[in-house]
Number of protein chains: 2
Amino acid sequence: MSRVTIKDIASKLGVSAATVSNALNGKAGVGKARRKNIMEIASQMGYQPNAFARNLVNQQSYAIGLIVSSISDPFYPELARGVQEKASELGYCMMLFNTNHSIKVEQNSIETLNARGVDGIILATVLQDDPNIALLEKLRIPFVLVNRLLLDPGIASSIDSVVLDNYRGGYESARHLLRMGHTRITIIAGNMKASTAILRTRGARDAMQVYGISEERYDVVDCGYVMETAYRVAKEKLKEKNIPSAFLCQGDNMALGVREAVCEAGMTIPGDIALLGFDDIEFSSVAGIELTTVSHRQYQMGSTGTELLVDKIASERQAGVTKNIVLEPELIVRKSCGFGVKGYIMP
Amino acid sequence: MSRVTIKDIASKLGVSAATVSNALNGKAGVGKARRKNIMEIASQMGYQPNAFARNLVNQQSYAIGLIVSSISDPFYPELARGVQEKASELGYCMMLFNTNHSIKVEQNSIETLNARGVDGIILATVLQDDPNIALLEKLRIPFVLVNRLLLDPGIASSIDSVVLDNYRGGYESARHLLRMGHTRITIIAGNMKASTAILRTRGARDAMQVYGISEERYDVVDCGYVMETAYRVAKEKLKEKNIPSAFLCQGDNMALGVREAVCEAGMTIPGDIALLGFDDIEFSSVAGIELTTVSHRQYQMGSTGTELLVDKIASERQAGVTKNIVLEPELIVRKSCGFGVKGYIMP
DNA sequence: TTGAATAGATTAAACGATAAAGTAATCCAA
DNA sequence: TTGGATTACTTTATCGTTTAATCTATTCAA
């Protein structure tokens, strides 16, 4: 509750509220001496502009929303930090929402955010058939997609986004396993409605083809990016007669789930089974885990996404060119894939 | 930008704006038929109340702020999720701020939050000599402390809080090591200005005394709750001639730092060195890590803290009794402390 | 000396809702 | 049938800013 208002200052100095407003906002039409005087009195009285009134007259809140599936998933905190810090830098606040992987909750979040008049939304959870894109467009609220995007070029071409080159990440990670001689690979995929999982899988498939592995010789299981599911799937896989020699996981958290199953089955990594992750969460590098994985630039995604959004908010009335930013992934070789099935690495 | 306003509805139906407002808000003084009619037209026209105008007239934003040191620290995401979900349930939004362990950034965050007119703040980062408590009180903004609190009973008795019984956690964890026969213990402490670290250390010291370990026989190092620092400290410790047989860490992330140092020194856990953590972050349970630790109730802390805060906001004008909630910790025995130095556990 | 331009201010409207006060019609009891 | 209570509204004020429109001296060129 900011007590002192612009009127208090005005009446104290015997001037009009408009003059005080103009002085404080550095606008023309106020004499030098008076301006200085007003500024002094204002700070002396501890004046704090009332955000509600400002928001009302400008129809702007200087707040943005960030929607993630769950901040507890170790993939998202760095992204959120990127958004928050860049937002603060640009004078915005960040409101955080978790969808818990639910389209319905995603919808509620968007509606709430809109009802509160945020200036824009960063959506990290979009799916291919996501009805909420239409919602966002109907609400005419600026938004950018980060992490995941829409693959339909017709739609995608008009939506700002910041994503990793997931195809390449998928390709390179599969290639790494293939070069090490693995031919029985199970792909532990993320949510196959998410562009990330689709593209990583597509990249992996292409790599398989290049290395002459036909479709019957590997399989892809949608584990929805949840660790628990990956664990259960791996558990089952390892009971079959012809178990895979490598698990290609599309998320480090899922890789950890698989790792758990492998360990429980009494097998070792990379001795019996090779394991490859994706995202390079902080935890993947700890001794004894040392997951070979693909780096992801969560912080940068959040930070750049925020820049795009704020740009978009500022230039709302102008024509605005769509920006699609693609970040480059990097294969990070640690120990979870060992030194290859036959002890050497193919070219 | 919500286009249609209360006035549009009013003029369309030939009634006054006040009647529309009353009808929509379920207030008395509107005839049955008219009320129904207004509601229908409103939803038909896609009316969305303008939050800015509402905020201005009620001087309330239905938003709260959460201040953590860094959302990337695996301790905080669950807490944030607890806050966000409870907040949503109660009709509030959560704005997230990271302080990066800086008092100055903490101050900025509070001031920003205040300037934006949030209804209250949840502070998870308070230190004993934190000048920002005075700031919060000066601003007369409702707040609650979670995770950490102030130990000075004079101040603490008037501030709502939700914390773990850190003394007990510290005591039990030390006792566990002592029962296993460890007598050379290094305590990797958190930030010693945080009540968590102070109380955990106090608990540990008391346990030491009960088990007859004098002060010269163990040491306490402030690692500020950062993994990297813990890693470096452990690295140094392991170079000394008389290395500890156990590290008692006040945070799982720091335990992982220590673990790294131990591994790099070519030693094993728990074979050569016992390791005990605190917080039970999700990662601590994975195969091969299996950190013995103390459970912390991050989600509940966030959720309950939010309830207290919203209570406090609602009853702001009333006398309001201070609530201090203490959650119980639980020792979670996994493998990182092995089976005791002499192969047995003391009573 | 006149008229236009300009600096420095004021007034009033607007933003979109809510809350308080006022009014006209209806109802019911005495 | 009178008058108090109730109901269903409307009018007006207010929240704290910003901003467009207006006003009044003063300056200055012609």
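Below, chain A is the first sequence line, B the second, and so on; all start at residue 1.
- OP1 or OP2 of D:dT18 lies within a sub-4.0 Å distance of a side-chain N or O belonging to A:Asn25.
- Going from atom CD of A:Gln59 over to atom P of D:dT17 covers 17 Å, rounded to whole Å.
- The environment of OH in B:Tyr299 is crowded: more than 12 heavy-atom neighbours from other residues, nucleotides or ligands sit within 6.0 Å.
- In this entry the distance linking CD1 of A:Ile9 with P of D:dT17 reads 8 Å, nearest Å.
- Mapping B:Ala53 and B:Thr19 onto DNA chain D by nearest heavy atom places B:Thr19 closer to the 5' end of the strand.
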Can I get a per-line list of side-chain donor-acceptor pairs under 3.5 Å for residues 25-38 of chain B, giving both atom names and the distance, sequence neighbours left out?
unit_1: B:Asn25; atom_1: OD1; unit_2: B:Arg54; atom_2: NH2; d: 3.4
unit_1: B:Asn25; atom_1: ND2; unit_2: B:Ser21; atom_2: O; d: 3.0
unit_1: B:Asn25; atom_1: ND2; unit_2: B:Ser21; atom_2: OG; d: 3.3
unit_1: B:Arg35; atom_1: NH2; unit_2: B:Asn22; atom_2: O; d: 3.4
unit_1: B:Arg35; atom_1: NH2; unit_2: B:Lys27; atom_2: O; d: 2.2

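- No donor-acceptor contact under 3.5 angstrom links the side chains of B:Asn147 and B:Gln298, judged on distance only.
- In this structure, B:Asn58 places its CG atom 12 Å from C1' of C:dG16, rounding to the nearest Å.
- Listed pair A:Arg54 / D:dG16 fails the phosphate criterion, with no side-chain N or O lying under 4.0 Å from OP1 or OP2.
- Across all non-hydrogen atoms, the minimal contact from B:Ile71 to A:Ala80 is CG2-CB, 4.4 Å.
- In this structure, B:Gly117 reaches neither bases nor backbone, as no heavy-atom distance under 4.0 Å exists between it and the strands shown.
- Listed by residue number, the members of residues 27-38 of chain B with any heavy atom below 4.0 angstrom from DNA chain C are B:Lys27.
- In this structure, B:Met45 atom CE and C:dG16 atom P are separated by 13 Å, rounded to whole Å.
- Atom-to-atom, CD of B:Gln60 to C1' of D:dC15 comes out at 14 Å; the value is rounded to the nearest Å.
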Output a table of donor-acceptor pairs, distance under 3.5 Å, between side-chain atoms of residues 122-134 of chain B and any protein atom two or more places apart or on a different chain; print 'none' if there are none.
unit_1: B:Thr125; atom_1: OG1; unit_2: B:Glu106; atom_2: OE1; d: 2.6
unit_1: B:Gln128; atom_1: OE1; unit_2: B:Leu151; atom_2: N; d: 3.0
unit_1: B:Gln128; atom_1: NE2; unit_2: B:Leu149; atom_2: O; d: 3.0
unit_1: B:Asp129; atom_1: OD2; unit_2: B:Lys193; atom_2: NZ; d: 3.4
unit_1: B:Asp130; atom_1: OD1; unit_2: B:Asn132; atom_2: N; d: 2.9
unit_1: B:Asp130; atom_1: OD1; unit_2: B:Asn132; atom_2: ND2; d: 3.3
unit_1: B:Asp130; atom_1: OD2; unit_2: B:Leu127; atom_2: N; d: 3.3
unit_1: B:Asn132; atom_1: ND2; unit_2: B:Ile103; atom_2: O; d: 3.3
unit_1: B:Asn132; atom_1: ND2; unit_2: B:Glu106; atom_2: OE2; d: 2.7

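- Looking at the side chain of A:Ala18, the nearest of the listed nucleotides C:dA17, D:dT17, D:dT19 is D:dT19.
- For the salt bridge (Lys or Arg N to Asp or Glu O under 4.0 Å) test, residues two or more places apart in sequence or in another chain that qualify with A:Glu78 are A:Arg81.
- Applying the salt bridge (Lys or Arg N to Asp or Glu O under 4.0 Å) test to pairs two or more places apart or on separate chains, those with a residue in residues 89-102 of chain B are B:Lys86-B:Glu89.
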Exercise for the section: Show your working on side chain to side chain donor-acceptor pair (under 3.5 Å) between B:Ser16 and B:Thr19 and close with a plain yes or no. Expected result: CA-CA 5 Å; B:Ser16 75; B:Thr19 301; 3.1 Å; yes
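- Here C:dC15 presents its C1' atom at 8 Å from NZ of B:Lys7, a figure rounded to the nearest Å.
- The nearest heavy atom of DNA chain C to B:Leu56 and to A:Val15 marks one nucleotide each, and the one closer to the 5' end goes with A:Val15.
- Using a 4.5 Å cut-off on side-chain heavy atoms (C-beta onward), B:Phe97 and B:Leu113 make contact.
- In the helix from C:dT1-D:dA30 to C:dA30-D:dT1, the terminal helix axes, each the rotation mapping four pairs' C1' atoms onto the next four within five end pairs, subtend 60°, rounded to 10°.
- Applying the 4.0 Å criterion to OP1 and OP2 of C:dT10, one finds that A:Ser16 has a side-chain N or O inside that range.
- Atom OH in A:Tyr47 sits about 7 Å away from atom C1' in D:dT17, given to the nearest Å.
- In this structure, the CZ atom of B:Phe52 is 11 Å from the C1' atom of C:dC15, given to the nearest Å.
- Of the possible polar contacts, one joining the B:Gln84 side chain to the A:Asn98 backbone as a donor-acceptor pair under 3.5 Å is found.
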